[in-house]
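Comments concern the structure below.
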Number of protein chains: 2
Amino acid sequence: MTPRSNANDKSGLLQYVLEAMKRAQPYDRETALDAAMTLFWTKGYHATSLKDLEGALNMKPGSIYAAFSSKEALFSAALERYFQQTKEVFRSMHRDTDSPLGALADYLRSIARDADTDPDCQACMLIKTILNATTEDAAIAEQARHYLDQIRDEIATAFDRAIASGELPADIDTNHLARRYQANISALKIEAHRGTGRNELAALADEAAGDVERLRVRQ
Amino acid sequence: MTPRSNANDKSGLLQYVLEAMKRAQPYDRETALDAAMTLFWTKGYHATSLKDLEGALNMKPGSIYAAFSSKEALFSAALERYFQQTKEVFRSMHRDTDSPLGALADYLRSIARDADTDPDCQACMLIKTILNATTEDAAIAEQARHYLDQIRDEIATAFDRAIASGELPADIDTNHLARRYQANISALKIEAHRGTGRNELAALADEAAGDVERLRVRQ
DNA sequence: TACATATTTGAGTGATCGCTCAATAACATT
DNA sequence: AATGTTATTGAGCGATCACTCAAATATGTA
């Protein structure tokens, strides 16, 4: 509430008095959570302060605590949001496909494509959280680990679909394939985060995608 | 300097007076740096406080600043130490080998072996630093990135040696191989950090190692 | 031994941290 | 319109942060 400096000082002072403690528009929970997710994803839990969150959410301390209880609870909610969105993106790329292996390969290529259009692209929030967490906040690391496991199950389900559609032999270990595939996703996202060049990143993604496609049995 | 509570109060009070501001043994710089590296590697830059460092280094604030100038400069020195040690380990595994490809494959397997013996094994400090850094501490991320690039060069040199020894064809792209190899190291170390089971981790490492060995030209 | 120099301590600084709560504004009910 | 209820503000709290600096201790020199 800064006093206005303008030609008409009396009008400015009156305006200043009228605006003191003007209550904001009520916040929108989804909008706030989305902003928190973006901020936490970029800065991590420890380096993100309440003041940062005030700015990003356009909310004051009392409102943030009324809505989300604590910094850690807000982080946890943001992490869940990230997980749900990631799962939904993965699923949407595998809906309506008649080639599960093709879709899995294309998802890897999409990582390089997405990094190409986003200069500040960040590695996976779940991985960052696990690597970043300390023993004092082991709960959020555990939550992130749990979400990563669930995403790996989604991947294994996609490989199972490739078996059902005849692309893979019935005796292949889809859990192992999913684990390897997820490790490749992590690696690609870290390379993107690190600023690896577009051609190099695309080559890595193509190679990983080729590994997936070469699993296809001859028809 | 806590007063001693014991049967002989006069003797305890005298001991308390005699011990006030007793100066410590001078610190050993290498020992302090090693302790700082271990602490920063585990907790990361942001979540590590000066109080943590006091405990780990067994030094008081004034000494820490006299020796290392600032928290950031200490982190930077610890990061360099980590880089030098990592480079030395990699080199020592490639010294005196007549199969560079074999040594590269075995290094990947060693990641799973090392994780098996260390329950609190951490992902690569350089990767953690890059993922953890914010714009306010971009300098340490840049330093870590630079070290990662140098390690990738070491890897490319090992692949060059495989060409020179006849294991690889002369026209293969060793820079690309090195980049992929380093991405695989990152992925394996993250799986280890995440607590992936010993058999699964060993399977991932063996598979990555097998990929390296299959590059070998027929002789 | 006396004095000079170097090193370490740890109390204290100003700033920032996560969070609380009384005051105020906005909304709902009668 | 008056009253009651709900939601938001933001000053301020106690704690912690990175760091400083005068005092004290240890080491070196003449």
Side-chain angles (χ1 to χ4, degrees), chain A residues 1-3 15-33 35-36 39-40 43-78 132-137 139-140, chain B residues 1-3 15-33 35-36 39-40 43-78 132-137 139-140:
Chain A
M1 303 299 117
T2 314
Q15 192 72 2
Y16 167 55
V17 171
L18 286 177
E19 288 193 348
M21 193 153 178
K22 186 84 170 208
R23 216 170 91 168
Q25 290 265 68
Y27 67 93
D28 175 67
R29 186 178 173 90
E30 296 302 309
T31 302
L33 262 182
L39 181 63
F40 278 131
K43 291 197 86 168
Y45 178 69
H46 293 293
T48 301
S49 67
L50 249 289
K51 200 159 197 62
D52 294 330
L53 286 163
E54 282 180 49
L57 276 61
N58 198 26
M59 286 166 73
K60 301 301 183 179
S63 296
I64 295 174
Y65 286 96
F68 301 110
S69 300
S70 68
K71 182 184 172 186
E72 183 166 341
L74 175 55
F75 187 86
S76 176
N132 211 6
T134 66
T135 51
E136 286 81 40
D137 34 84
I140 59 172
Chain B
M1 304 297 116
T2 313
Q15 192 71 5
Y16 167 54
V17 170
L18 286 178
E19 287 191 350
M21 192 151 176
K22 185 87 168 197
R23 214 172 94 166
Q25 290 264 70
Y27 67 92
D28 175 67
R29 185 176 174 92
E30 295 303 308
T31 302
L33 262 181
L39 181 63
F40 277 131
K43 291 197 85 168
Y45 179 69
H46 292 293
T48 301
S49 66
L50 249 290
K51 197 156 197 66
D52 295 330
L53 286 163
E54 281 180 49
L57 276 62
N58 199 27
M59 285 164 75
K60 301 300 183 182
S63 296
I64 295 174
Y65 286 97
F68 301 110
S69 302
S70 68
K71 182 184 170 186
E72 184 167 341
L74 176 54
F75 187 87
S76 177
N132 211 6
T134 65
T135 52
E136 285 80 41
D137 35 83
I140 59 173

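These numbers come from the heavy atoms of this one structure, side chains and all, not from hydrogens, waters or symmetry mates. In what follows, every chain begins at residue 1, and chains take the letters A, B, ... in the order their sequences are listed.
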Does Ser63(A) put a side-chain nitrogen or oxygen below 4.0 Å from OP1 or OP2 of dT9(D)? yes
Check whether any side-chain nitrogen or oxygen of Lys60(B) sits under 4.0 Å from OP1 or OP2 of dT8(C), and answer yes or no. no
Nearest whole Å is fine: how far is [N] [atom2] from [X] [atom1]?
| X | N | atom1 | atom2 | value |
| --- | --- | --- | --- | --- |
| Glu136(A) | dG18(C) | CD | C1' | 15 Å |
| Glu54(B) | dT8(C) | CD | P | 14 Å |
| His46(B) | dC17(C) | NE2 | C1' | 15 Å |
| Phe68(A) | dT8(D) | CZ | P | 11 Å |
| Leu50(A) | dG12(D) | CG | P | 18 Å |
| Lys71(A) | dT16(D) | NZ | P | 15 Å |
| Tyr65(B) | dT7(C) | OH | C1' | 18 Å |
| Ile64(A) | dG18(C) | CD1 | P | 10 Å |

Side-chain donor/acceptor contact of Arg23(B) with base of dT9(C) under 3.5 Å: no
Determine the contact category for Pro61(B): base if any of its heavy atoms lies under 4.0 Å from a base atom, sugar-phosphate if only primed atoms, P, OP1 or OP2 are that close, otherwise nothing. base
Considering every strand and a 4.0 Å limit on heavy-atom distances, what is the contact class for Ser69(A): base, sugar-phosphate, or nothing? nothing
Checking contacts here: which listed nucleotide (dT8(C), dC17(D), dG18(C)) is nearest the side-chain heavy atoms of Lys51(B)? dC17(D)
Which of these nucleotides, dC17(C), dC19(C), dT8(C), is closest to any side-chain atom of Ser49(A)? dC17(C)
Give the minimum heavy-atom separation between Phe40(A) and Ala78(A), together with the two atoms involved. CD1-CB, 4.1 Å
Shortest non-hydrogen contact between Leu33(B) and Ala77(B), atoms and distance: CD2-CB, 3.6 Å
By nearest nucleotide on DNA chain D, pick out whichever of Gly62(B) and Tyr27(A) is the more 5' one. Tyr27(A)
Any donor and acceptor pair, going by atom type alone, linking the side chain of [X] with main-chain N or O of [Y] inside 3.5 Å?
| X | Y | result |
| --- | --- | --- |
| Ser76(B) | Glu72(B) | no |
| Lys71(A) | Thr48(A) | yes |
| Asp137(B) | Ile140(B) | no |

